[in-house]
Amino acid sequence: MSLYKQWEELAAEKRSQEEYESFWKAYFEKERDNYVTILERKLKKIKGTLKDLAAGYNMEPVVFTGFLDGINSSLVMELDLEQLDEESNIDVELDFEKLYYNMLDAKAEWLYTLEQWDGILSKEKREEITKEYKESQRAVSLKVGRNDPCPCGSGKKYKKCCGAN
């Protein structure tokens with residue numbers, strides 16, 4: 001069974017509420033530590049065998065695969081997680097702007113508020129990305145108001161054109 005499948009099973013395992021909270025608390029602490037290391041060292045590239053990288057980040061290979069799953073959409077080229085085993089050579093490049101955006105999307109405040117971001121993205125750039133993220137979350141109504149221009153392009157108000165019936 002692939003490491004990724006093992007990670008999915010481990011993450012979805014039935015646990016008591018206390019065990020569930022304990023499992024995810026421990027994972028999120030390790031995840032936070034990984035990001036502190038990556039940001040402090042400005043590691044744009046992560047290279048090595050999965051087993052060695054996992055050991056270097058103080059994680060079991062299965063759990064490190066879960067970390068790779070979480071970071072995958074922030075990579076310049078995504079990994080095929082299903083194909084990974086302990087001897088897989090990992091050679092990935094991080095897109096820090098995408099990473100910051102994805103942390104906002106995951107509502108991972110414990111990650112996007114890390115002080116180590118100061119050395120990676122300027123405060124202005126982080127504010128710009130945050131604004132872009134918030135804009136993407138805004139609900140947009142496609143409803144046409146009575147006094148709006150008609151969507152058919154006639155130039156008339158909707159109530160005098162297509163909305164007259």
Side-chain angles (χ1 to χ4, degrees), residues 3-4 7-8 10-12 15 17-18 20-50 52-84 88-151 153 158:
L3 288 174
Y4 181 64
W7 166 251
E8 285 183 320
L10 179 63
R15 300 175 171 86
Q17 187 64 28
E18 187 177 304
Y20 175 87
E21 289 171 8
S22 176
F23 173 81
W24 286 108
K25 182 178 185 234
Y27 173 79
F28 291 141
E29 286 174 6
K30 287 180 180 182
E31 178 187 48
R32 182 189 172 285
D33 292 345
N34 288 357
Y35 283 118
V36 165
T37 300
I38 288 168
L39 296 173
E40 277 180 350
R41 296 181 185 166
K42 298 179 178 151
L43 296 175
K44 198 152 175 73
K45 287 193 170 245
I46 299 173
K47 285 178 82 167
T49 65
L50 190 142
D52 292 342
L53 289 169
Y57 284 99
N58 198 27
M59 295 178 127
E60 295 296 317
V62 170
V63 178
F64 188 73
T65 303
F67 174 74
L68 290 174
D69 181 29
I71 203 171
N72 206 21
S73 62
S74 301
L75 300 175
V76 173
M77 293 253 318
E78 290 189 19
L79 290 167
D80 182 358
L81 298 169
E82 294 283 346
Q83 302 303 315
L84 297 179
S88 294
N89 281 311
I90 306 296
D91 186 0
V92 294
E93 184 176 350
L94 278 165
D95 180 331
F96 287 120
E97 291 182 18
K98 224 192 275 189
L99 179 62
Y100 189 81
Y101 184 94
N102 290 336
M103 287 177 174
L104 291 168
D105 192 37
K107 297 174 183 35
E109 187 174 349
W110 68 96
L111 298 176
Y112 66 77
T113 57
L114 290 170
E115 65 185 43
Q116 287 79 6
W117 277 109
D118 293 339
I120 302 291
L121 300 173
S122 68
K123 184 176 184 197
E124 293 77 20
K125 187 63 178 174
R126 286 178 283 160
E127 287 171 355
E128 180 185 318
I129 294 169
T130 301
K131 182 178 178 184
E132 179 185 323
Y133 169 72
K134 288 180 179 177
E135 285 289 323
S136 75
Q137 300 302 304
R138 185 180 303 167
V140 178
S141 173
L142 299 176
K143 184 177 175 184
V144 179
R146 288 177 31 83
N147 291 314
D148 290 340
C150 191
Y158 179 69

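Counting begins at 1 with the first residue of the sequence.
The CD1 atom of Ile120 sits 10.0 Å away from the CD atom of Glu40 when rounded to the nearest 0.5 Å. Note that OG1 of Thr37 and CD of Gln116 are 8.5 Å apart. Values are rounded to the nearest 0.5 Å. Here CG of Asn34 is found 7.5 Å from OH of Tyr27. Values are rounded to the nearest 0.5 Å. The distance from atom CD of Glu109 to atom CG of Leu104, rounded to the nearest 0.5 Å, is 10.0 Å.
Asn72 places a side-chain N or O within donor-acceptor distance of the main-chain N or O of Leu79, the cut-off being under 3.5 Å. Within the 3.5 Å criterion, the main-chain N or O of Val92 finds no donor-acceptor partner in the side chain of Lys45. Judged purely by atom type and a 3.5 angstrom limit, Thr65 uses its side chain to pair as donor or acceptor with the backbone of Pro61.
Inter-residue side-chain proximity for Met103 and Trp117 is flagged as met; some heavy-atom pair is nearer than 4.5 Å. The closest side-chain heavy-atom distance from Leu68 to Leu50 is below 4.5 Å. Inter-residue side-chain proximity for Asp95 and Leu75 is flagged as unmet; no heavy-atom pair is nearer than 4.5 Å. Counting heavy atoms from C-beta outward, Asp118 and Arg126 have side chains that approach closer than 4.5 Å. Using a 4.5 Å heavy-atom cutoff, the side chains of Phe28 and Leu111 are not in contact. At least one side-chain heavy atom of Ile71 sits under 4.5 Å from a side-chain heavy atom of Leu99. Looking at Tyr57 and Ile38, their side chains come closer than 4.5 Å, going by heavy atoms from C-beta outward. Residues Lys30 and Phe64 have side chains not in contact (no heavy-atom distance under 4.5 Å, counting atoms from C-beta outward).
Proximity of the aromatic rings of Tyr4 and Trp7 is defined here by a centroid distance below 6.0 angstrom, and this criterion is not met. Ring centroids of Phe67 and Tyr35 are separated by less than 6.0 Å, placing the two rings close together.
For the 3.5 Å distance criterion, the side chains of Tyr101 and Glu97 fail to qualify, holding no donor opposite an acceptor.
Open room surrounds CZ on Arg32; 12 or fewer heavy atoms of other groups in view lie less than 6.0 Å from it. When the shell of 6.0 Å around CD of Glu115 is examined, it contains 12 or fewer heavy atoms from other residues, nucleotides or ligands. Heavy-atom contacts from other residues, nucleotides or ligands closer than 6.0 Å to OH of Tyr20 number 12 or fewer. More than 12 heavy-atom neighbours from other residues, nucleotides or ligands sit within 6.0 angstrom of CG on Asp91. More than 12 heavy atoms of other residues, nucleotides or ligands lie within 6.0 Å of CD in Glu82, so this atom counts as buried by the packing criterion. Glu8 CD: more than 12 foreign heavy atoms inside a 6.0 Å radius. Environment of NZ in Lys47: sparse, with no more than 12 heavy atoms of neighbouring residues, nucleotides or ligands closer than 6.0 Å.
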Item to check | Full working for salt bridge (charged side-chain N to carboxylate O under 4.0 Å, His left out) between Glu29 and Lys25 | outcome: CA-CA 6 Å; Glu29 286 174 6; Lys25 182 178 185 234; 3.6 Å; yes

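Nearest heavy atoms, Lys42 versus Phe96: C-CZ, 4.3 Å. Considering all non-hydrogen atoms of both residues, Tyr158 and Pro151 come closest at CD1-CD, 3.9 Å. Residues Ser73 and Lys98 share a closest heavy-atom pair of O-CD, 3.1 Å.
At a threshold of 4.0 Å, the pair Glu135-Arg138 counts as salt-bridged, since one of the basic side-chain nitrogens sits closer than that to a carboxylate oxygen. In this structure, Lys125 pairs ionically with Glu128, as a charged nitrogen and a carboxylate oxygen lie closer than 4.0 Å.
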